[in-house]
Amino acid sequence: MALIEVENENIYYGNFLAVKDVNMNIAEHTITALIGPSGCGKSTFLRTLNRMHEVIPGARVEGQVRVEGVNLYDPNIDPVQVRRKVGMVFQRPNPFPTMSIEENVLAGVKLNQRRLPKSEQEELVEKSLRGANLWNEVKDRLGEPGSALSGGQQQRLCIARTIAVKPEIILMDEPCSALDPISTLAVEDLMQELKSDYTIVIVTHNMQQAARVSDRTGFFNLEAQGKPGQLVEIDDTEKIFSKPSQQATEDYISGRFG
Ligand SMILES: Nc1ncnc2c1ncn2[C@@H]1O[C@H](COP(=O)(O)OP(=O)(O)OP(=O)(O)O)[C@@H](O)[C@H]1O
């Protein structure tokens, strides 16, 4: 069984059907990249994988998103628990500016109201920062504000904050788009390491990045302006970039799109 199974999912903002009829399976310990032109619903779809979509008034979902066989949209499922299990990293590194590096790492854990003794906190901070490949750069300045770090370091701090909560799945919405090439490579390397412990779904505008980091790639597209976005195909990344089965995918990856 796939770790994530999406079945006949329609995604709405009020009456507007933004994405229609998505079916997708995602295996454990893989990286899935979602690509496609602007406005086709990649970010919208991503946010339905941890119930962040419904935070927007009027936004709703039809169909099922199952994680380990459990439908996240079942009425008795607590969205807070879902978001603990399915963490998210955003486009702009968003550490809490007034908090120290250490407090930033613990912020998610504290929001989830887990009280940890000091020694366990220290252990968790070190483990999460090591996991995010940031420990060596910050270990002597854990009390400094998170905002004192470079953009790439801030993004790795946000990843540390996400993994401190011990999620199973990490969603990343264009995590490198605000980063310089060196920081981007650092985050891409980190993703490869994280894959052994987590399952990652990443939205990226950068096709080279999708080709570099992912095992599977899903191509979303819009039939026409005003029409809902849809998943055109999802397959092994190598296949999508060499021999996709749909013409629309071929056109997009070869730059013939639009
Ligand atoms: N908060 C919102 N309220 C209403 N409509 C929205 C909202 N957010 C996005 N949409 C609409 O949903 C559709 C999909 O948008 P979305 O941002 O998911 O696309 P995307 O593929 O991630 O685009 P981009 O690559 O530009 O980030 C678009 O038509 C967009 O205008």
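Ligands are counted one by one from 1 in listed order, and the atoms in each one are counted from 1 as well. Start at 1 with the first residue, then count along the sequence.
Closer than 4.0 Å to atom 31 (O) of ligand 1 lies none of the heavy atoms of the protein.
Here Asp251 contributes atom CG and Gln246 contributes atom CD; the two are 11.0 Å apart, rounded to the nearest 0.5 Å. In this structure, the separation between CG on Leu149 and CZ on Arg141 is 5.0 Å, given to the nearest 0.5 Å. Considering NE2 of His29 and CD1 of Ile31, their distance stands at 12.0 Å, rounded to 0.5 Å. Separating the CZ atom in Arg130 from the CD atom in Glu193 is a distance of 12.5 Å, to the nearest 0.5 Å.
Contact analysis puts Gly39 in contact with ligand 1, with a non-hydrogen atom separation below 4.0 angstrom. Using a 4.0 angstrom heavy-atom cutoff, Gly229 does not count as in contact with ligand 1. Between Phe16 and ligand 1 there is a heavy-atom distance shorter than 4.0 Å.
Contacts of Arg60 classified as side chain to side chain contact (heavy atoms under 4.5 Å, CB included), with partners at least two apart in sequence or in another chain: Tyr12, Glu62. Applying the side chain to side chain contact (heavy atoms under 4.5 Å, CB included) rule to Glu9 yields the partners Val6, Ile11, Val22, Phe45, Thr48, Val61, Val65; only residues at least two apart in sequence or on another chain are considered.
For Ser38, heavy-atom contacts with ligand 1 shorter than 4.0 Å involve the backbone as well as the side chain.
Applying the 4.0 Å criterion to heavy atoms of Cys40 picks out, from ligand 1, the atoms 19 (O), 21 (O). Distances below 4.0 Å separate heavy atoms of Ala18 from the following atoms of ligand 1: 12 (O).
For atom 10 (N) of ligand 1, the nearest protein heavy atom (residue, atom name, distance) is Tyr13 CE1, 3.4 Å. Considering only non-hydrogen protein atoms, atom 16 (P) of ligand 1 sits nearest to Thr44 OG1, 3.5 Å. At the top of the distance list for atom 27 (O) of ligand 1, counting protein heavy atoms only, stands Glu174 OE2, 3.8 Å. In this structure, the protein non-hydrogen atom closest to atom 19 (O) of ligand 1 is Gly41 N, 3.1 Å.
In this structure, the side chains of Met191 and Gln209 stay at 4.5 Å or more apart for every pair of heavy atoms. The closest side-chain heavy-atom distance from Ile4 to Thr32 is not below 4.5 Å.
Between Lys239 and Glu233 there is no salt bridge, since no side-chain N of the basic residue sits under 4.0 Å from a carboxylate O of the acidic one.
Remark: ligand 1 and Ile56 share no N or O pair separated by less than 3.5 Å (distance only, no angle test). In terms of polar-atom proximity, Arg47 is not counted as a contact of ligand 1, lacking any N or O under 3.5 Å from an N or O of the ligand.
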